[in-house]
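Here the structure is laid out as structure tokens; the discussion comes afterwards.
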Amino acid sequence: LDKADSFKLLQDHEWCRFLVEHMFFDEARPLLKELAAKAPQFTPVQNNLAMILFLDGDLATAQATTNQVLSVEPDNYHALANLSRIHFFNGELAEARAAAARLLQVQNDNHDLPFKKIETLTYLGADEDILTVYQGLRNKNKLFGLAQIQFAAGTAHYRLGDEKAAQKLW
């Protein structure tokens with residue numbers, strides 16, 4: 001893609017992100033498919049398309065799209081979270097856990113990585129891992145504004161039988 005086409009791709013992708021975040025999937029789907037065909041190596045488009053395919057119930061195509069992302073970026077945490085979710089809803093728990101284990105190994109400073117980890121671990125009921133992610137954020141003093149993660153950690157404590165620790169976090 002030349003510079004103008006690259007700029008248009010980024011602009012269209014941001015529009016798609018807005019549409020997806022506001023649940024306008026019917027509007028986002030055709031544009032994401034068009035962008036994916038134009039720039040198959042641009043993984044954010046592929047991740048958003050995989051999510052819509054998943055929501056459409058097309059798990060096979062969602063998984064193929066996700067695998068394509070992982071072939072380009074093996075540590076793409078959005079794709080690893082998607083893959084775990086797809087396997088979970090296909091009843092493939094061992095594969096879901098394996099994808100989640102790969103996700104847990106990803107380390108970067110992206111603000112949404114902890115949310116992806118917690119979301120994925122919640123599907124799997126991986127309470128001990130949820131607490132590990134929570135403790136890691138707490139040790140780094142990165143919990144400000146992360147009420148969802150604190151709530152998930154409280155729930156994990158509760159399910160593990162520690163109601164007192166849960167109540168402190170809730």
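- Every residue two or more places apart in sequence or in another chain was checked for a salt bridge (charged side-chain N to carboxylate O under 4.0 Å, His left out) with K33, and none qualifies.
- Linking ILVMFWY residues whenever their side-chain heavy atoms come closer than 4.5 Å, directly or via other members, leaves Y77 and V69 in distinct clusters.
- Residue P40 comes nearest to A37 through the heavy atom pair CD-O, 3.8 Å, listed as atom of the first residue, atom of the second, then distance.
- Residues A166 and G154 share a closest heavy-atom pair of CB-O, 3.1 Å.
- Nearest heavy atoms, A39 versus Q46: O-NE2, 4.2 Å.
- Between F18 and H22, the two ring planes are tilted [angle within 30° to 60°].
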- Given side-chain contact (heavy atoms from CB on, under 4.5 Å), test L169 with T155 step by step and report yes or no. CA-CA 9 Å; L169 294 175; T155 302; over 6 Å; no

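- Within a 6.0 Å radius of CD in E128, other residues, nucleotides and ligands contribute 12 heavy atoms or fewer.
- Under a cut-off of 6.0 angstrom, the local environment of CZ in F89 is crowded, with over 12 non-hydrogen atoms contributed by other residues, nucleotides or ligands.
- Looking at heavy atoms from C-beta onward, N90 lies in side-chain contact with Q63 at the 4.5 angstrom threshold.
- Distance OG1/T132 to CG/L137: 11.0 Å, rounded to 0.5 Å.
- In this structure, the side chains of D12 and K8 come closer than 4.5 Å at one or more pairs of heavy atoms.
- Judged as a salt bridge (Lys or Arg N to Asp or Glu O under 4.0 Å), the pairs with a partner in residues 50-75 (not counting sequence neighbours) are, in order, R29-D56.
- For the atom pair NZ (K164) and NZ (K168), the distance works out to 5.5 Å, reported to the nearest 0.5 Å.
- Panel note: side chain R102, backbone P74; a donor-acceptor pair is recorded below 3.5 Å.
- Rounding to the nearest 0.5 Å gives a distance of 5.0 Å between OG1 of T65 and CG of L53.
- Taking all atoms of both residues into account, the shortest heavy-atom contact from V20 to A28 is CG2-CB, 3.9 Å.
- Considering CD1 of I130 and CZ of R159, their distance stands at 5.5 Å, rounded to 0.5 Å.
- The shortest distance between side-chain heavy atoms of L124 and S84 falls below 4.5 Å.
- When hydrophobic clusters are built by joining Ile, Leu, Val, Met, Phe, Trp and Tyr residues whose side-chain heavy atoms come closer than 4.5 Å, directly or via intermediates, F42 is grouped together with L35.
- Panel note: side chain N76, backbone H78; a donor-acceptor pair is recorded below 3.5 Å.
- A heavy-atom distance below 4.5 Å is found between the side chains of F25 and L55.
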- Task: Using the side-chain contact (heavy atoms from CB on, under 4.5 Å) rule, take L121 and L103 through it: C-alpha gap first, then chi angles, then the decisive distance, then the call.
- Result: CA-CA 10 Å; L121 296 168; L103 176 60; over 6 Å; no

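- Separation of atoms NE2 (H157) and CG (L131) is listed at 4.5 Å; rounding is to 0.5 Å.
- The 12-atom threshold is not exceeded at CH2 of W15, counting heavy atoms of other residues, nucleotides or ligands nearer than 6.0 Å.
- Under the 4.5 Å side-chain criterion, counting only non-hydrogen atoms from C-beta, C16 is not in contact with N48.
- Residue Y123 places its OH atom among more than 12 non-hydrogen atoms of other residues, nucleotides or ligands, all under 6.0 Å distant.
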- Task: List the steps and the verdict of side-chain contact (heavy atoms from CB on, under 4.5 Å) for D5 and L9.
- Result: CA-CA 6 Å; D5 288 337; L9 173 72; over 6 Å; no

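- At least one side-chain heavy atom of L93 sits under 4.5 Å from a side-chain heavy atom of F88.
- Side-chain contact between I118 and Q148: absent, with no pair of heavy atoms (C-beta onward) separated by less than 4.5 Å.
- Criterion: ILVMFWY side-chain heavy atoms under 4.5 Å apart, direct or through other members. Under it, L113 and Y134 are not part of a common hydrophobic cluster.
- For the atom pair CD1 (I52) and CE (M23), the distance works out to 11.0 Å, reported to the nearest 0.5 Å.
- Under the 4.5 Å side-chain contact rule for hydrophobic residues, L19 and M51 share a cluster.
- In this structure, L70 is not a member of the same hydrophobic cluster as V45, with clusters built from ILVMFWY side-chain heavy atoms closer than 4.5 Å.
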